[in-house]
Amino acid sequence: MSKKKPADVVVVGSIGIDTIKTPWEKRESILGGSASFACAAASFFAKVGMVGVVGSDFPADYRALYKKFGLDLEGLQTMEGETFRWTGVYEKNMDNRRTICTELNVFASFMPVLPPSYLDAEFIFLANISPSLQLHVLSQAKKPRFVMADTMDLWINTARDDLLKVIGRVDLLTLNESEARHLTGKSSLVKASRVLLEMGPRYVIIKKGEHGSILFSHAGMFLMPAFPLEDVKDPTGAGDSFAGGFIGALSASGRITEHAIRRAMLYGSVVASFGVEDFSLDRLATLSRKQIQQRADLLREMMRLR
Ligand code: AMP
């Protein structure tokens, strides 16, 4: 019997059934969650093991879509009850988002377990989920080479101590600009990044939505633009797709150098730009590796100073 291919990248995060309203359109009960976006994005570059939980109501079509991305679902638990649900509304500029409703459902009693084929994964992404669950995953991984974590305002407000423990144990922390300011109390992102680097990570990536992202490390700063789009249909999960594309590309490169990190940001930015062209995983589901490469080449060209 052939042995199962172990996961290169393990992602733990939320799996949600989302309802999303933009100024132009409303979609109900579509597949979302930080792990869904991150795993789909990473799958273009690496073998991805998903860790998460869904309820007994989770549609078979959504599970089939995960399979289409080639995800390893051994770490996906199904519990009696309803799947996590989230409702968000975007204002006119698509930048400001309000959470209307969060129903934890099966998440309330979830305990992530890494199956044997995930234990040796070298790259781990702790996507947005409670810091105590992120710590629980970290305690099981045997010898990760590179761990990155994401978080959100909710955990800064409600689980700060556990969040600081997570930050102290990861190689890279990624968060958006308002979260960086909120967590550190510094309005300058340069000052905020200094505080964040002192908390433990070697790298900090601050996401600035349509304005791209900034990498901070002891080597200095690096700016990665977002790919300019004519139309954004749904920005939900952009940060998760960025992170997934980033860690997938980093694992595929096999190196963890400043250069490899910067290059992985290019792929994170490109995959995220495709993700927001449609709701849920719809655009990522039709995306090819070739299209990713073409847009990556175009974005590099846009950055070139002659
Ligand atoms: P983002 O746009 O990167 O913030 O990611 C949006 C996704 O995060 C949605 O698909 C939601 O299902 C999910 N989400 C919303 N609130 C939470 C939460 N409290 N914990 C985990 N995931 C969440």
Side-chain angles (χ1 to χ4, degrees), residues 11-22 27-42 50-55 58-59 62 65-66 82-91 94-108 110 112 125-134 137 148-159 162-163 166 173-180 182 205-210 213 226 232-247 268-269 271-273 275-284:
V11 176
V12 62
S14 61
I15 292 160
I17 306 280
D18 292 348
T19 292
I20 289 162
K21 200 166 166 268
T22 70
R27 293 281 181 97
E28 289 186 46
S29 299
I30 57 176
L31 180 58
S34 56
S36 299
F37 291 107
C39 286
M50 181 182 225
V51 179
V53 66
V54 294
F58 192 65
Y62 292 168
L65 183 58
Y66 286 157
E82 282 185 59
T83 304
F84 170 78
R85 282 183 174 263
W86 177 77
T87 302
V89 174
Y90 289 89
E91 286 164 20
M94 290 293 243
D95 251 1
N96 297 337
R97 180 174 81 191
R98 276 180 301 129
T99 290
I100 302 297
C101 172
T102 302
E103 296 167 49
L104 286 183
N105 299 329
V106 290
F107 246 115
F110 172 53
F125 176 40
L126 308 171
N128 179 24
I129 193 176
S130 100
S132 66
L133 296 183
Q134 293 178 319
V137 165
M148 78 186 258
D150 191 6
T151 193
M152 73 186 292
D153 274 352
L154 175 68
W155 313 122
I156 301 173
N157 290 329
T158 63
D162 275 345
L163 177 59
V166 172
L173 174 69
T174 170
L175 70 188
N176 67 36
E177 53 185 325
S178 67
E179 292 157 355
H182 183 183
I205 295 179
I206 299 186
K207 296 170 284 181
K208 292 164 60 68
E210 63 174 323
S213 56
V232 171
K233 229 172 174 182
D234 175 18
T236 309
D240 309 306
S241 306
F242 172 89
F246 170 88
I247 200 160
S269 193
V271 178
S273 75
V276 301
E277 286 179 350
D278 210 337
F279 284 85
S280 186
L281 302 183
D282 292 2
R283 181 63 186 99
L284 295 186

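Treat the numbers as computed from the prediction; the structure is a model and nothing was measured. For ligands, and for the atoms within them, numbers begin at 1 and follow the listed sequence. The residues of the chain are indexed from 1 along the displayed sequence.
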* **Partner of Phe279 by side-chain contact (heavy atoms from CB on, under 4.5 Å), out of Thr236, Asp18, Thr22** => Thr22

* Asked: Between Lys233, Glu277, Arg27, which is the residue that forms a side-chain contact (heavy atoms from CB on, under 4.5 Å) with Asp282?
  -> Arg27

If I apply the N/O under 3.5 Å rule, does [X] come out as touching ligand 1?
X	result
Thr102	no
Thr236	no
Gly16	no

* **4.0 Å heavy-atom contact, Phe37 with ligand 1** => yes

* Asked: Any heavy atom of Arg97 sitting closer than 4.0 Å to ligand 1?
  -> yes

Give me the residue, atom name and distance of the protein heavy atom closest to [atom].
atom	answer
atom 3 (O) of ligand 1	Asp240 OD2, 2.9 Å
atom 8 (O) of ligand 1	Ser34 N, 4.1 Å
atom 18 (C) of ligand 1	Met152 SD, 3.6 Å
atom 17 (C) of ligand 1	Phe84 CZ, 3.6 Å

* Nearest to atom 15 (C) of ligand 1 by heavy atom, Trp155, Phe107, Trp86, Phe242: which? -> Trp86

State the atoms of ligand 1, each with its element, that fall below the 4.0 Å cut-off from a heavy-atom position in [X].
X	value
Gly32	10 (O)
Asp18	9 (C), 10 (O), 11 (C), 12 (O)
Leu154	19 (N)
Ser14	13 (C), 21 (C), 22 (N), 23 (C)

* Phe242 vs Phe246 aromatic rings, parallel, tilted or perpendicular, using cut-offs 30° and 60°? -> parallel

* Between Tyr66 and Phe58, how do the two ring planes meet: parallel, tilted or perpendicular, split at 30° and 60°? -> parallel

* Under the 3.5 angstrom rule, does the side chain of Thr83 hit a backbone N or O of Gly55 as a donor-acceptor pair? -> yes

* Hey, is the main chain of Ser34 close enough, under 3.5 Å, to the side chain of Ser14 for a donor-acceptor pair? -> yes

[atom1] of [X] to [atom2] of [Y]: how many Å apart, nearest 0.5 Å?
X	Y	atom1	atom2	value
Leu175	Ile205	CG	CD1	10.5 Å
Met152	Ser130	CE	OG	12.0 Å
Asn96	Glu91	CG	CD	5.0 Å

* Asked: Between Trp155 and Asn128, do the side chains contain an N or O donor and an N or O acceptor separated by less than 3.5 Å?
  -> yes

* For ligand 1, indicate whether the residue Asn128 contacts it via side chain, backbone, both or neither (heavy-atom separation under 4.0 Å). => both

